[in-house]
2 protein chains.
Amino acid sequence: MARAREFDDDAVLDAATDRFWRQGYAATSVRDLGAAMGLVPASLYNAFGSKHALFALCLDRYLDRNMRERIARLEARQTPRVAIETFMNEIVARSLADPRGCLLVNSALEVAPHDAEIGTVIAARLGELEAFFHRCVLAGQRDGSIAAAPPARDLARLLLTTVMGLRVLARSKPEPVLLRGAARQVLALLDPPFAEQST
Amino acid sequence: MARAREFDDDAVLDAATDRFWRQGYAATSVRDLGAAMGLVPASLYNAFGSKHALFALCLDRYLDRNMRERIARLEARQTPRVAIETFMNEIVARSLADPRGCLLVNSALEVAPHDAEIGTVIAARLGELEAFFHRCVLAGQRDGSIAAAPPARDLARLLLTTVMGLRVLARSKPEPVLLRGAARQVLALLDPPFAEQST
DNA sequence: CCTATTCTAGAGCGGACGTTTTAGAACGCC
DNA sequence: GGCGTTCTAAAACGTCCGCTCTAGAATAGG
């Protein structure tokens, strides 16, 4: 052991994530990151290896603290139908409130097509989200709160697709009625054929 | 009048569009564009003014030749319900076949949030697409091929959202079953409550 | 206290960026 | 046939890129 680090890993990673989130990977320079993190480039390289490695770390941390946390929270505390509704409503609310959008979606378009390593991570996380929707739909079809007729896999696929679409629209056409209308209709698709459902 | 241009505007704009489409705006350098267009940077600047102006031109041309052409073709030749179905199926097929995705969607995430001028163009074109879906849904509800209950505006909003989402997923998780499943379900939402419909 | 190790600071690496300048070649018009 | 204009070609502008090097400050163990 020798001299200790002068900065807090959590704080500087938060700052780096915010930069990538706001500006994208390519448009964020190492000097930009350094300034936001309060670090000189050399310290940044000493601590995290490279811009690419730092991005991978930020993305992973982001997904743990946003997507996975949300999935775990909703699945533990809500009925399946309500979990889906809450998820979609949270996406709409966040999309309208936070101009940065979603780092996962931003990266899915900017980084994934040209970076196999990050691309694999992103595809896997999208798969986790699809799996969450699928579990919710299956459980909802079992308890009668979701229409039994449509295939659960396809409903999960459409829900995932809708989340992606909402995130894109929010960044270029951030109109509340647009996002809310789309979310309302995709949720309507879950309704069982008769208004009544088991209590 | 003096010396004539040695290149064909259409051909070089096609080449430039392909570069922006494939790599995005920021990741495409002027030298890159020049090489693809067979032009030295000075000629490019002489002919098109700047990288930004060239991009705006390419985006406009792209939208005329892809989105607007498709809308006009479908609206002229198909019943409203079939027009929507054909549009969605074409999006899925193209997304799976062309790794470049959609220049409009790519730009909606990469360029629009940081470029007010391009952002305005993109928001307007997304509005045109939403309006197309809205016209189709209204006409389909009139002729009985689309369920009358859901609000046409919301259906149009969800269709637009789904197109955006399909384009995003195709670039990071290009699985045919995923895209086809999502498209199938959003089209199922259009079905009138009883399988029979007027003919 | 001394040494070994790890940190920070800042200058600097070669190269690429968007753009402009300079030089000269090709054409319409008087 | 020269003139004026517009083209092409290539070098060069200053700036920023991701990254590394050198120097010195700080700390733990012997």
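From a predicted model like this one, the values you see are computed outputs, not experimental measurements. Quick note on labels: first sequence line is chain A, next is B, and so on, each numbered from 1.
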Integer-rounded Å distance: [N] [atom2] and [X] [atom1]:
X: A:N46; N: C:dC7; atom1: CG; atom2: C1'; result: 7 Å
X: A:R31; N: C:dG12; atom1: CZ; atom2: P; result: 13 Å
X: B:F48; N: C:dG18; atom1: CZ; atom2: C1'; result: 17 Å
X: A:Y45; N: C:dG12; atom1: OH; atom2: P; result: 19 Å
X: B:K51; N: C:dA16; atom1: NZ; atom2: C1'; result: 12 Å
X: B:L33; N: C:dG18; atom1: CG; atom2: P; result: 8 Å
X: B:L44; N: D:dC7; atom1: CG; atom2: C1'; result: 14 Å
X: A:Q23; N: D:dC17; atom1: CD; atom2: C1'; result: 15 Å

(Q) So, OP1 or OP2 of C:dC7: does either fall under 4.0 Å of a side-chain N or O from A:S43? (A) no
Q: Considering just the side-chain nitrogens and oxygens of B:S29, establish if one lies under 4.0 Å of OP1 or OP2 belonging to C:dC17.
A: yes
Q: Answer yes or no: are there more than 12 heavy-atom neighbours, outside A:R153 itself, under 6.0 Å from its atom CZ?
A: no
Q: Could you check whether A:V30 gets within reach of a base, just the sugar-phosphate, or nothing at all, counting any heavy atom under 4.0 Å?
A: sugar-phosphate
Q) Just one of A:E75, A:E128, A:E90 clears the salt bridge (Lys or Arg N to Asp or Glu O under 4.0 Å) bar with A:R70, so which one? A) A:E90
Q | Check: B:R19/B:T28 side-chain N/O donor and acceptor closer than 3.5 Å | A | no
Q | Nearest-nucleotide pick for B:P41, side chain only, options being C:dT19, D:dA10, D:dC19 | A | C:dT19
Q: Could you say whether A:D32 or B:G38 is positioned toward the 5' end of DNA chain D, judged by the nucleotide with the nearest heavy atom to each?
A: B:G38
Q: Any side chain to side chain donor-acceptor pair (under 3.5 Å) involving residues 31-55 of chain B? Give me the pairs, sequence neighbours left out, ordered by first then second residue.
A: B:Q23-B:D32, B:H52-B:D115
